[in-house]
Every structure is written in C-alpha cells, then in structure tokens.
Amino acid sequence: MKRSSLLMLAVMVSGCGTFQNPSTIASLQKEQKPLEDVPLPRVMHEDVRREYRELLETIEDRRLYEQIERRIASVYMLEGDYDQLRGVMPGEDGYFPEAITAYHQLLNKYPDSERNAEAMYQLAKAYDLDGRDQEAKAVLEEFITEHPHSHRLAEVYFRKGDIHFRHEEYEQAEQAYRSVVAIGQESAFLNNSWYLLGWSQYKLSDYDRSLMSFSRVLDRLVPEDGKIEKLDKVNRSLVDDTLRIMSVGLAYAGGSSKIDSMFANRPEAKKYTWILYSSLGQHYLEKERYEDSASSFRAFVVQNPDSERAPEMHAEMIRAYVDGEFSQQVLPEKENYVRNYGVHSEFWKTKPAEVKAKVIPNLKTFIDELARHYHATGQRLTRELADGAIKASAVAATEATRQTSFLKAAQFYGEFEQTFPNDPKVPEMVYMRAEAAFDGGDYPTAITHYERTAYEFGNSEFGADAGYAAIIAYQKEAERLIAQAGKDSERLRDWRSKGVESQLRFVQTFRDDERSGAVLAKTSEELFALGRYEKALEVATSIVSKAGEVDRELNRTAWGVIAHSQYELADFTAAEAGYRNQLRFIDLDDPEFKAVTERMAVTIYKQGEQALAAKDLEGAIDHFLRIKAVAPKTDVRVVAQFDAATHLLTLEEWEPALTEMLELRRLFPNHKLAKDLDQKIAWTYEQDEQWQMAASEYEQIYRADDRADVRRDALFLAAELYEKAGNEDQALEYFKKWAFDYEEPFDTRMEARYHVAYLYERRDDYHRHLYWLRRVIDGHNKAPENWQSDRSAWLAAWANNKYGDYWRIEFDRVRLKHPLNKSIPRKNEKLKNALDRYQQAADYGVLDQTTRATFNIADLYGQFARELMDAPRPSGLSQLEAMQYELVLEEQAIPFEDLAIEVHQANIERSWSGTFNPWIERSFEAMAKLNPARFDKQEVKVAYGDGIR
C-alpha cells in the first residue's frame with residue numbers, strides 16, 4: 001500500500017503542471033472556447049485527495065508534507081474549475097469553499113513559506129471566481145504588500161484594477177492599471193492595462209490622459225504601414241475597441257483639433273493618425289453630426305495634403321456632407337477634390353500609378369458632376385434673367401455668376417478629356433465644353449471645340465450643329481472686338497476672315513443642311529461688315545442672272561444679299577425692290593416670308609425718313625402710310641402709321657390724323673404704342689374743338705389707364721371739356737370728384753373747387769355755391785406757404801368777391817321801411833357782411849380783384865347813402881318836423897357818401913401809376929356823379945390788361 005501510494009505521489013507531483021490550470025482570471029472570464037470531448041481520468045478529484053491524505057500519514061519530511069497539502073488545495077481548485085466549466089450547480093458557499101479554506105490554512109500554517117505568493121494568488125482567484133471580489137481584492141492588496149517582487153505582481157495589479165473598475169472605483173482602478181504599466185516588463189496584461197487605464201481615465205472625465213493611454217495600445221499594436229487589417233482577430237478587436245472609445249473621447253475633448261494638438265509631435269503616432277481622424281469622422285457620422293464628421297476628415301486633409309490617405313479622407317468628407325444633405329458644401333468639396341488630386345495637381349504629378357488609380361473613380365464622377373452642375377446653373381440663370389425674374393439691383397451680379405458658371409463648366413469638361421482622353425464620352429465632353437464656353441462668352445475656346453466636334457470627330461449627332469455654332473461664335477467674338485477695338489481694327493479684319501473660312505467649310509461639309517443658305521447669307525454679311533458692299537452686290541447679282549441655273553433657295557439667298565447690300569448703301573428704293581424679288585421665292589406660310597416682308601417695310605420706312613430729312617413732310621407721310629398697303633402685318637407698320645399720324649398733327653390735319661390713330665387703336669390695342677394713342681386722340685379732338693369727343697376720350701383714359709397720375713389729369717381734362725361742350729352736369733360731377741378724391745396738385749385742386757363754385761352759381765344753387773366758395777378760400781388760406789401761388793390768391797380773392805356779391809344781393813332785398821329803427825339794423829347787417837367779404841378780397845392784393853372789391857365797397861357806401869336819403873318819411877309831420885327829419889337823414893347819409901367818395905378816390909388813384917381796368921373806370925363813372933365838377937369831364941382812356949385770372 002505504501003509503495004503504491006508513493007508511486008501515486010510521484011505521479012501527482014510530476015503531473016502537477018498538468019492539473020494546475022495556468023489560465024488567468026481574465027482568460028477564464030473572457031475566453032469562451034467550445035469544450036471538446038476529452039477522456040477523463042479514471043481517478044476522480046476526491047480519490048486524488050484521499051490518496052494525498054493517506055500519504056500525509058506516512059510522510060515525515062516537512063517540506064514534502066507542505067507540498068502535498070498545497071497539492072490538496074490545488075485539487076480543490078481544479079474541482080471547482082471543472083464543476084464551473086461543466087455548469088454544475090454550486091453549493092451554498094459556491095464552487096470553491098474547500099479551496100478557500102485550504103489556502104487560508106496553508107497561509108496560516110506556513111506564514112513564512114516562499115510559496116505563499118502562489119497560495120495567495122490562488123486564494124484571490126478562488127474568491128474572484130466565486131463572485132466574492134471584495135475578499136479577492138483584500139487578498140490581492142495583501143499580496144502586493146507582502147510580495148512586491150513577485151513575477152505575478154503585474155497580473156495582481158491587473159486583477160485588482162478589474163475589481164475596482166467593476167465597482168466603478170475608477171480612481172483606484174487607474175492607480176492599479178498604472179502600476180501594471182509602471183512595472184514596464186512585457187506581459188500578457190500590458191496591452192489590456194493600457195486599454196483599461198484609458199477607460200478608467202475616461203470614466204473620470206480625464207479625456208486628455210485617457211486619449212494618451214489609449215494611444216499606447218495603438219503604439220504597440222498598429223503595424224508601421226497603418227494597415228490594421230493585418231492584425232489577428234484578438235488584437236484587431238482590441239484596436240477597434242480602442243479606436244471606438246478614442247473617437248468618443250475626442251468628441252468630448254475637442255474633436256479633430258485635439259488629434260492635431262496631442263499627436264502632431266509624436267512620431268510613433270504617425271502610422272495611425274489617419275485612423276483617428278477617420279474613426280472620429282465615422283463616430284460623428286453614426287451620431288448624425290454630419291458637419292463635425294466632415295470637419296474631422298477635413299482636418300486630416302488640411303494637415304496631411306500630401307498623404308496617400310488624403311483623397312480617401314477627402315472622399316469621406318464629401319460623403320458626410322452628402323449624407324447630411326449639406327448640398328452647399330458638397331459642390332465646393334468636390335471641386336477641391338478635383339483641384340487637389342486631379343491631373344493638374346502636385347498630387348497627380350508625384351504619386352505612383354497605383355495611388356492615382358484609387359482617385360480615378362471619384363475624379364471621373366466628380367468632374368462629370370461639376371461640369372454638368374455648373375452648366376445647368378448657367379442655363380437656369382440665363383432663363384431667370386430672360387424671364388425678368390431677377391430684381392434689377394441683382395441683375396449685374398447674377399449675370400456675372402451666370403458667366404462664371406458656364407466658364408467653370410467648360411473648364412471641367414476640358415479636364416475630363418485631359419484626365420480620360422480615351423474615354424468614349426470624350427466627343428460629347430468636347431461638344432459640351434464648346435457649348436458652355438459659348439454661353440460663358442469665351443468664343444475662341446467655343447470655336448476650337450465646336451470645330452473639333454464638327455470636323456475632327458465627325459460627330460453625327462452634334463456635327464452640323466457644332467459647325468453652325470462655330471460660325472455664330474465667330475460673329476459673337478467679332479462683336480466683342482468691335483466693342484473693344486472698334487470696327488476698323490486689324491484684329492477684327494483677321495478674325496472675320498477666319499469666320500468666312502469657317503462658313504465656307506460648313507457649306508462644303510454640310511451641303512445638304514437646311515442652314516447652308518443662311519450661312520451663305522452670313523458670308524455676305526461678313527463682306528458687308530468689311531465694307532465691301534459693291535463686291536457683295538456683284539457676287540449676288542451674278543448668281544441671280546444665271547437664267548435657269550439657279551435654284552429657288554439660292555435665288556432666295558442671293559436676292560436677300562442684294563437687298564441687304566443696297567440697304568447698307570442707303571439705296572432704300574433698290575433695297576425695297578430686292579426684298580420684293582426675294583419674296584417671290586418664299587412661300588407665304590414660310591416664317592421667313594414675314595421676316596423679309598418686315599425688312600421690306602423697313603426700307604419703305606427709311607424712304608420716309610429720307611423724305612423727312614429733305615423736309616418733305618407730306619412725302620414722308622405717304623411713305624409711312626404706304627406700308628399699310630404693302631406690309632400691313634409687320635411691326636414697322638404700327639410705328640410708321642403712328643409716325644404718319646404724328647406728322648399729320650404737325651400739319652394740323654386733325655381729321656386725317658384721327659383716322660389713322662383710331663385705326664391703330666382698333667387694330668393694335670395691345671401694341672406698346674397703343675398706351676399713348678388715347679392721350680393723342682383726346683388731344684387731337686381737343687385741338688379740333690370736338691369738345692364732347694375729347695371729353696369722352698379723357699373720361700375713358702381716366703377709367704382704363706393704370707397710371708395714377710395719368711388718370712388724375714384725365715379726370716380734370718374731361719371735366720373741363722364737358723364744361724366747354726355744354727354738358728355742365730357731367731362737368732360738375734367730375735370737378736367735384738376730382739376735388740374730393742385728390743389733394744394734389746394743389747393748383748389743380750383749387751381750379752376744381754373754382755369750377756364747382758362757378759357751376760353752382762350758374763344753377764342759382766347759392767347754398768352749394770357759397771359752400772364751394774368757402775372751400776376755395778380755405779384752400780388757399782390753409783395751404784402751406786410754399787404751395788400758395790398767385791393763381792390760388794386770385795381764386796381766393798375772387799371767391800371773397802363772389803361771397804360779397806351774395807351779401808349785396810341780400811342787402812338789396814332789405815328795403816328801408818317805416819319805422820327806420822327796425823329796418824336799418826337789418827340792412828346794416830347785410831351791408832357789414834358784404835363789406836367784410838369785399839375787404840377780405842382786397843386784402844389779397846390781386847389787382848383786378850382788389851379794384852373790383854374797392855369799387856363794390858365804395859358803391860355800397862354810396863347806395864346806402866342814397867337809400868337813407870330816399871327812406872320813407874313818417875306821415876303827419878309838420879313842415880318844421882319834416883325839415884328836421886330831412887336834416888337827420890342827411891346827417892346819417894353824408895358820412896356814407898363821404899366814405900364812397902374816399903374809397904372811389906383810392907381806386908382811381910391806382911390809375912395814376914399806369915394801372916387801369918373796368919373797375920377803376922367804373923369808379924371814375926361813379927365819381928362823375930358824386931363829384932361832377934372834378935370828374936364829369938372827357939378823359940383819354942388808357943389801354944389795360946386783364947390781370948391774373
């Protein structure tokens with residue numbers, strides 16, 4: 001029995017390494033390897049322990065005895081591990097109560113044993129595996145104190161850190177992990193310690209230190225070429241996790257700027273810096289923080305423009321903007337991409353082919369997109385400008401943007417060809433480049449690529465159009481040269497010569513094209529522009545003279561050249577004949593028929609202008625009106641007929657002028673000139689003294705015109721003319737409407753009130769007459785001083801005089817009756833009202849109204865004196881009483897008579913300064929009666945003016 005036990009001891013001692021699991025706590029927690037069917041030893045754990053205990057009874061060697069006791073504890077650990085792996089339900093005290101007890105006994109029994117470090121480690125492990133991590137932590141702390149030089153110290157610190165981290169004791173965890181990395185030796189825990197140290201610092205919001213700790217993981221694991229895809233699964237997972245949490249930390253710590261500040265001066269970080277920018281960008285993208293994502297990618301591109309990773313990061317930036325729908329940023333970045341990595345960039349010139357190959361797909365897409373975008377933008381702005389959709393203040397800026405857009409489109413079309421010269425789309429791109437350059441005003445570039453399209457590529461789809469467009473571009477550039485250098489510059493002559501060559505090339509290449517005839521005509525026009533009109537006539541005339549050999553289309557073109565040439569030579573009669581001949585070769589339903597007819601009408605109009613220049617006004621009118629017969633549907637017909645009517649007005653041929661204008665208005669109501677016809681017609685009726693017709697026209701202008709000032713003036717004129725026509729009802733209605741509806745012009749407002757007051761007087765409607773007189777007076781008196789005028793003062797004086805006349809009528813109605821003490825006050829009241837009004841009229845200082853008021857004041861005094869003298873006498877008076885009564889009346893009347901003489905005298909004295917008018921004359925007549933000795937003489941009458949009215 002002893003022999004077999006010793007054999008078993010030997011086996012167990014030598015096999016200790018087999019049974020003792022070298023795995024760490026972390027590996028047991030993390031590694032989830034599938035279990036394989038392994039033949040289990042026949043000897044069970046309890047059997048082994050029993051054998052060990054039996055050996056203990058026979059062993060006397062202390063060291064061997066201690067070793068066997070440690071093996072027994074190890075078997076307890078193995079059994080617990082085994083049960084835990086098999087999923088056996090633990091006991092009330094867990095899987096390792098016996099192992100824990102055994103290790104405690106060993107530590108107590110052998111406190112000074114050199115093997116206690118391993119025992120303490122296993123004890124901590126047992127506690128930890130049983131979920132008693134606080135007891136495990138206590139043992140680990142004791143381990144650190146008692147075994148500071150143990151080879152397991154790094155692992156112990158790591159396990160202690162795990163426990164602290166698990167319980168969110170991040171400061172203690174940080175200290176533990178820092179202790180691991182401080183040991184400095186390579187261990188299985190170093191990478192994870194840096195990783196968890198970073199996590200602890202992150203949890204403590206110490207982002208800078210956290211990022212630096214995480215970076216140590218990348219320093220150690222990322223290959224020198226930065227290709228993390230080469231890593232094994234475990235290390236790749238750790239690197240991915242590190243990048244993920246670093247992205248979060250960077251987002252908290254300041255984003256992409258933090259990468260530059262922390263890692264720019266760390267050479268060891270260069271291999272993975274691009275990954276940090278990329279990872280941060282992807283993090284922001286996942287959080288839908290698109291602008292921040294793009295900024296991260298941009299930061300790398302800005303800091304590392306020469307990096308082979310720059311195009312990749314730039315493309316990621318663009319994708320971030322696309323995902324975030326930041327359309328305004330997408331386009332400029334695509335443009336920057338092409339600029340930074342395209343064929344004209346330093347990148348393209350210096351990088352190897354395999355690097356350039358990576359940017360080619362993006363270049364192809366972006367260049368095409370940019371070209372078409374700018375082309376479409378230019379076309380859109382062209383439409384908006386043509387439609388008048390742009391505010392006047394923004395037209396210049398919009399036009400500049402439109403031109404820039406087309407030129408940039410042309411640039412990108414060209415870059416496409418330069419980058420991909422063998423691509424099947426090159427012919428299309430060349431044509432599109434020409435189109436964009438043309439619309440952008442770069443005609444030389446447009447010509448080059450139009451002609452390449454037409455004559456180099458022989459493009460069946462765009463060839464003829466391109467060849468024709470080149471001709472148009474030559475003409476456009478010629479116009480520009482005229483503006484820049486004048487019509488006589490050598491540059492212009494050379495340019496037009498090239499244009500003629502292009503035109504001939506077009507006719508030769510595209511002989512059957514329907515535009516060939518137009519090109520031939522254009523060639524003639526170029527000869528005109530060079531001043532060779534006679535030569536153009538010679539060539540065209542030689543064509544039409546070939547009887548039977550000239551087809552219809554060439555005849556049509558040649559006669560057009562002849563007519564054009566004669567026009568340029570100012571032989572408008574011959575030009576008219578040329579256009580008439582050209583019309584013989586154009587079908588009535590051909591759109592060109594209308595155009596040529598229009599040109600023929602212009603030649604007739606020009607003949608009219610020549611007659612005007614020769615002062616043959618009637619001859620000019622005949623030419624202008626002739627267009628009605630030969631070209632009635634042309635635009636120039638309207639202008640010519642309008643001009644004819646205008647010249648008829650100059651000749652004061654009112655009825656013929658009206659005939660033409662009325663016809664124009666009836667036939668062309670929507671023509672731009674029609675707006676002025678209504679006023680001309682109304683004015684003509686007025687000049688012809690057809691007051692009712694003129695008034696009706698102005699009334700119609702008032703009702704229909706959309707211009708407020710025109711409507712206002714037309715209303716007043718209608719009222720005036722209705723008054724002249726004797727239609728006082730309509731005149732009164734419109735004058736009142738004007739006076740009520742319009743405050744300005746002030747002078748017209750005063751006139752309107754004057755007319756209303758005047759018309760109500762004519763109707764003997766004194767109540768309304770007096771109301772409008774007050775409106776006239778108030779209108780002047782209350783107006784601002786800078787509004788008042790001589791005319792408004794005259795009207796106010798006139799209105800006061802009229803008001804005085806009204807009170808004079810009332811004065812006349814009151815008769816002096818007996819007893820006088822009752823009738824005189826009533827008459828005196830009327831007298832006072834009249835005198836007040838006359839005096840107010842005189843105060844304005846308007847000569848004719850002042851003399852009128854002065855006369856009326858004097859006349860009223862004289863009349864009152866006479867009426868007093870002629871007042872009825874009471875009956876039954878004695879002779880003495882009658883004489884006394886006469887004396888009293890005389891005493892009352894003489895002062896009024898004296899006043900009359902005094903006022904008339906003042907009026908007459910105005911004539912001494914050369915002023916004379918009917919009211920002064922009437923004062924002379926009155927004074928001849930009041931003072932015949934002095935004034936009843938024959939006087940020489942002086943001419944006088946009417947004064948202001």
Side-chain angles (χ1 to χ4, degrees), residues 26 29-32 158 161-162 165-166 168 170 173-174 177 180-181 189-264 266 268-301 303-304 309 312-313 315-317 319-320 323-324:
Q29 291 174 330
K30 293 184 177 180
E31 294 183 8
Q32 301 290 329
F158 184 81
D162 272 354
F165 193 92
R166 200 180 307 148
E168 301 182 0
Y170 300 120
E174 180 190 18
Y177 293 129
V180 177
V181 300
F189 306 98
L190 193 54
N191 291 339
N192 286 330
S193 292
W194 279 116
Y195 175 76
L196 289 168
L197 175 60
W199 260 108
S200 300
Q201 292 163 335
Y202 173 84
K203 292 292 187 179
L204 291 169
S205 299
D206 189 354
Y207 300 120
D208 285 3
R209 285 193 175 89
S210 169
L211 290 168
M212 195 54 68
S213 297
F214 283 129
S215 72
R216 299 295 185 184
V217 179
L218 301 182
D219 289 345
R220 295 172 55 81
L221 294 181
V222 175
E224 287 304 315
D225 60 3
K227 297 180 179 180
I228 59 176
E229 59 270 16
K230 295 179 180 180
L231 297 173
D232 59 45
K233 186 175 181 181
V234 173
N235 286 334
R236 176 63 186 273
S237 176
L238 182 58
V239 167
D240 287 345
D241 288 344
T242 301
L243 290 170
R244 191 175 300 110
I245 187 57
M246 284 186 78
S247 299
V248 178
L250 285 167
Y252 282 124
S256 56
S257 62
K258 179 61 70 173
I259 300 175
D260 180 52
S261 63
M262 290 190 70
F263 300 104
R266 293 188 66 234
E268 62 271 31
K270 187 175 182 180
K271 62 185 178 181
Y272 58 78
T273 303
W274 75 272
I275 308 177
L276 292 178
Y277 282 106
S278 178
S279 182
L280 178 61
Q282 293 299 333
H283 167 75
Y284 281 136
L285 200 58
E286 291 171 3
K287 300 297 182 182
E288 297 185 355
R289 294 172 58 179
Y290 301 108
E291 184 62 43
D292 290 333
S293 175
S295 296
S296 300
F297 295 122
R298 182 189 290 106
F300 178 83
V301 173
Q303 295 295 330
N304 306 275
R309 297 283 183 178
E312 175 186 344
M313 300 291 276
E316 290 295 337
M317 181 205 316
R319 291 188 187 98
D323 290 348

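What you see below is based on every heavy atom in this structure, not just the backbone, and it leaves out hydrogens, waters and symmetry mates.
Here the shortest heavy-atom pairing between S200 and A173 reads OG-CB, 3.6 Å.
Looking at Y177, its side chain does come within 3.5 Å of a backbone N or O of D162 through a donor-acceptor pair.
Within the 4.5 Å cutoff, side-chain heavy atoms of R220 are placed close to those of L190. Side-chain contact check for L197 versus W194: some heavy-atom pair is nearer than 4.5 Å. L196 places a side-chain heavy atom less than 4.5 Å from the side chain of F158. Side-chain contact between L238 and L231 is absent, with no heavy atoms from C-beta onward closer than 4.5 Å.
Listed by chain and number, the residues in a side chain to side chain contact (heavy atoms under 4.5 Å, CB included) with V248 are Y202, I245, Y252, H283 (sequence neighbours excluded). Scanning for ring-ring contact (aromatic ring centres under 6.0 Å, His included) contacts around F165 gives Y170, with sequence neighbours left out.
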